[in-house]
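First up is the structure itself, then whatever we jot down about it.
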Amino acid sequence: DTTQLECAAQEGGGLFLSVENAEQLSEALVSAYEKPQTPEGRLIVTTTSNGALQDAAVQVLDAGTGEWVAGGRTYVSDETNPRRIPLEDGSYRAKVAAAGISGASTLEFEFDIVEGGSVERSFDFSSGEVAVLVTRNGELGDATVRVLVNDSSDQVAAGRTYVAASSNPRVLTVPAGTYDIEMKLVRIKGDVLHRIEDVVVTGNERTDVHQDYASGTLNVAVMRDGTLVDAVVQVYDENGASVVGKRAYADESRNPVSFELIPGQYLLKVRELRGERHEIGASVMPAEETALEIDFANQGP
């Protein structure tokens, strides 16, 4: 049991040196031989999360050269947490990384050991929950969700809401901190990416976020002299950017074609296969269906 072995070394003022092969064993023996007496200085690190001990890896580097000097794990036992790392007098930089917490930052700090003294540091890696509820026209909506470090594109956690109460709201566990929540509707075309900024997540608590989207349905039937025809329908937004396109076939099961869109003004460019082209404007209203019939026999090119 690694925890017990490290505890024995820590309590007895000895060294715990982990090895995985003969070369590392040789280096460990040399290190033990060259340091017959354990330094009196100590870095004492306590790591917790949500009111309990938290396992974390501690690395100590020489502040001047950046070379590794010592290290260890705190684990979740009060025998090794706080972790006491023997050190000679000098200047150091330490890195503390929580184990098993997705998105947890590696904490760094500098310190000095003077005349065999001790330096104590405590770190709280408490995590909280962010619950993201996404609705569309007042009903559960399917969306992808990303939790990002505030004012950045660094992702901490991600998921999808779907349209089931078991997954919407989508509950994600993240380290306590300030985040931006990015949501994007699935299968809905238009400006469907939304970002809520400065969402504060507190340790051992739940933060609720709600985003409601509006959408409307646009149904487009394409024909000639009242007979359905093969055609390509391309939808553009009011800025001229392509949003989505579909092909309408000459059968009732696939003509008219249907688009689920964010409300707004759109331009439709319709091209009959091996035939004419036509453009027409369309308005999409929230939670409503808009039906258009385009008959090439009655339209100009």
Side-chain angles (χ1 to χ4, degrees), residues 1-127 149-150 152 154-157 173-177 203:
D1 186 334
T2 301
T3 305
Q4 293 181 352
L5 292 173
E6 293 198 38
C7 173
Q10 179 166 287
E11 292 301 316
L15 294 173
F16 176 84
L17 303 171
S18 177
V19 299
E20 296 181 356
N21 52 49
E23 182 180 358
Q24 291 181 8
L25 175 60
S26 176
E27 293 175 353
L29 291 173
V30 170
S31 177
Y33 176 78
E34 291 178 344
K35 297 180 180 180
Q37 294 183 347
T38 304
E40 294 183 0
R42 293 287 187 276
L43 170 63
I44 303 173
V45 178
T46 303
T47 53
T48 57
S49 175
N50 296 337
L53 295 177
Q54 168 65 46
D55 186 14
V58 182
Q59 294 186 64
V60 180
L61 310 176
D62 185 284
T65 65
E67 294 182 355
W68 186 90
V69 176
R73 290 273 290 275
T74 60
Y75 300 105
V76 291
S77 168
D78 55 11
E79 296 176 333
T80 53
N81 195 345
R83 180 74 190 187
R84 298 176 176 86
I85 299 177
L87 292 170
E88 302 280 359
D89 286 1
S91 297
Y92 301 95
R93 178 163 54 92
K95 298 181 179 181
V96 183
I101 300 180
S102 176
S105 300
T106 297
L107 305 177
E108 298 187 23
F109 63 97
E110 295 186 352
F111 65 99
D112 295 323
I113 298 295
V114 180
E115 296 182 354
S118 297
V119 173
E120 297 188 30
R121 293 287 188 275
S122 296
F123 299 96
D124 186 2
F125 289 96
S126 291
S127 59
V149 175
N150 189 228
S152 80
D154 298 333
Q155 178 175 297
V156 176
T173 301
V174 296

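Heads up: numbering here begins at 1 and tracks the sequence.
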### CD on Glu40 to CG on Leu87, rounded to 0.5 Å
12.5 Å
### Query
When rounded to the nearest 0.5 angstrom, what distance separates CG in Asp124 from OG in Ser49?
6.5 Å
### Message
A side-chain contact here means heavy atoms from C-beta on lying under 4.5 Å apart; do Arg73 and Asp55 qualify?
### Response
yes
### Full working for side-chain contact (heavy atoms from CB on, under 4.5 Å) between Lys95 and Leu61
CA-CA 8 Å; Lys95 298 181 179 181; Leu61 310 176; 3.9 Å; yes
### Query
Do you know the tightest heavy-atom contact between Phe125 and Ala104?
CD2-CB, 4.5 Å
### Task
Measure from the side-chain N and O atoms of Thr65 to the backbone N and O of Glu67, and report whether any donor-acceptor pair falls under 3.5 Å.
yes
### Message
So, using salt bridge (charged side-chain N to carboxylate O under 4.0 Å, His left out) as the criterion, who are the partners of Glu108 when residues are at least two apart?
### Response
Arg93
### Query
Which heavy atom of Ala98 sits nearest a heavy atom of Ala56, and at what distance?
CA-CB, 4.0 Å
### Query
Would a distance-only check, ignoring hydrogens and angles, find a side-chain to backbone donor-acceptor pair under 3.5 Å from Gln54 to Tyr75?
no
### Message
Using modelled atom types and a 3.5 Å cut-off, is there a donor and acceptor pairing between side-chain atoms of Thr80 and backbone atoms of Thr74?
### Response
yes
### Query
How far apart are the closest heavy atoms of Ile113 and Glu88, and which atoms are they?
CB-O, 3.6 Å
### Query
Do the side chains of Val60 and Trp68 get nearer than 4.5 Å, heavy atoms only?
no
### Task
Taking Ser126 for its side chain and Asn50 for its backbone only, find out whether a donor-acceptor pair lies under 3.5 Å.
yes
### Message
Please determine whether side-chain contact (heavy atoms from CB on, under 4.5 Å) holds for the pair Ile85 and Val58, giving the CA-CA distance in whole Å, both sets of side-chain angles, and the decisive distance to 0.1 Å.
### Response
CA-CA 9 Å; Ile85 299 177; Val58 182; 3.7 Å; yes
### Task
Report yes if the side chains of Arg42 and Pro86 come closer than 4.5 Å at any heavy-atom pair, otherwise no.
yes
### Message
Keeping Asn21 on the side-chain end and Glu23 on the backbone end, is there a donor-acceptor pair under 3.5 Å?
### Response
yes
### Query
Would a distance-only check, ignoring hydrogens and angles, find a side-chain to backbone donor-acceptor pair under 3.5 Å from Thr46 to Ser122?
no
### Task
Locate the shortest heavy-atom distance separating Asp112 from Tyr92; write the atom from each residue and the value.
OD1-N, 4.5 Å
### Query
Quick one: are the ring centres of Phe123 and Phe109 less than 6.0 Å apart?
yes
### Task
List the atom of Asp89, the atom of Gly116, and the distance in Å for their closest heavy-atom pair.
OD1-N, 2.8 Å
### Query
How close do Ser77 and Leu53 get, heavy atom to heavy atom, and via which atoms?
C-CD1, 3.7 Å
### Message
Treating Asn81 as the side-chain partner and Thr47 as the backbone partner, does any N or O pair qualify as donor plus acceptor under 3.5 Å?
### Response
yes
